[in-house]
Amino acid sequence: MPHRIACLGPEGSFSHLIATKRFPDTQPTLLASVEDVFTWLADQPESDAQAQGIVPIENSSGGIILATIDRLMDPRCPFHVQEELTLDVKLALLGRPDQTIEVIYSHYMPFFHCDDWLKQNHPHARRVPVASTSHAAERAAREPNAAAIGSRENAERHNLALLQYPIEENIINITQFFLIGHQPAQPSTDNNRTALVVELPDKPGILCSFLTPFSEAAVSLKRIESRPVRGQPNTYRFYIEIEGSPAHPAVATALERANTIASRIHQLGSYPTGIRFES
Ligand SMILES: O=C(O)C(=O)Cc1ccccc1
């Protein structure tokens, strides 16, 4: 089987950009949504390590991407996180210089990064979130008095002018992506992060008890999110990332102890982080 990679499209999305930077020799399959990337991967043979997806997990201005985390946290999720990839996101306002901007399209995340700038510079423009930044550029190119926020490459692609670039460059803006697949990453001490989905019994102090083994083993907590369990109001699952992997004895010991406290720990994978690209 040849290498196949799926991500959010159309061409010119930040997901597409990072997919081509990470895998320059593979033409990615560009899909309409993050959900579709999970569905595409589920449709590939389980034994096929050559099929992978790239999905955004967090943006430094807007936070966690629910479409991704909720699928990873689904107890039926069969995928492994294999790498964390980081993209320095530089945002452009794309439009037509001779027209007033009445509507601005983008993926919902860049609106967080650009909020102050838009309030200052385009306070009356309607902000319309769409499926991706490249979809936004397509829409803006089709409509009068419309602009889009996305990657600067979309200007040429859609015959739009670069009205502002970069937007809010003094505030660091990174998006982290996960490379996911049916197979786990090769076990290695280079895998400096482990992602867990944790269910805890409803008891006072339980989160503290669960985290204590990590604290005692000096294993650093890198990310924690809680998400409601569908159909069970006021019940939550935790998404937790810790430093290191079970190949590190301190992590293995902490996980073993934490396992006696949690109702369920599902390991989503141990993987390397810090693979960084510019947009
Ligand atoms: O819309 C895109 O270009 C994406 O790849 C999704 C995205 C964009 C910006 C931040 C987080 C996710």
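Ligands are counted one by one from 1 in listed order, and the atoms in each one are counted from 1 as well.
Both the backbone and the side chain of Thr133 come within 4.0 Å of ligand 1, counting heavy atoms alone.
Asn59 pairs in a side chain to side chain contact (heavy atoms under 4.5 Å, CB included) with only one of the listed residues (Met109, His107, Gln176), which is Met109. Residue Glu84 is tested with Arg223, Lys222, Arg22 for a salt bridge (charged side-chain N to carboxylate O under 4.0 Å, His left out); the sole match is Arg223.
Per-residue contacts place Thr175 under 4.0 angstrom from the following atoms of ligand 1 (heavy atoms of the residue considered): 10 (C), 11 (C). Taking every heavy atom of Ser132 and a limit of under 4.0 angstrom, the matching atoms of ligand 1 come to 1 (O).
In this structure a side-chain-to-backbone donor-acceptor pair under 3.5 Å is present from Gln44 to Trp40.
For ligand 1, the polar-atom distance check against Ser15 finds a nitrogen or oxygen pair separated by under 3.5 Å. Any N or O atom pair closer than 3.5 Å counts here, and Phe14 shares at least one such pair with ligand 1. Ligand 1 has no nitrogen or oxygen under 3.5 angstrom from a nitrogen or oxygen of Ser13.
The pair Arg193-Glu243 fails the salt-bridge criterion, with no side-chain N (NZ, NE, NH1 or NH2) lying under 4.0 Å from an Asp/Glu carboxylate O.
The ring-ring contact (aromatic ring centres under 6.0 Å, His included) pairs that include a residue from residues 121-158 are Trp117-His122, where partners are two or more places apart or lie in different chains.
Relative to atom 7 (C) of ligand 1, the option among His107, His135, His113 with the closest non-hydrogen atom is His107.
Ring geometry for His182 versus Phe79: interplanar angle over 60°, hence perpendicular rather than tilted (30 to 60°).
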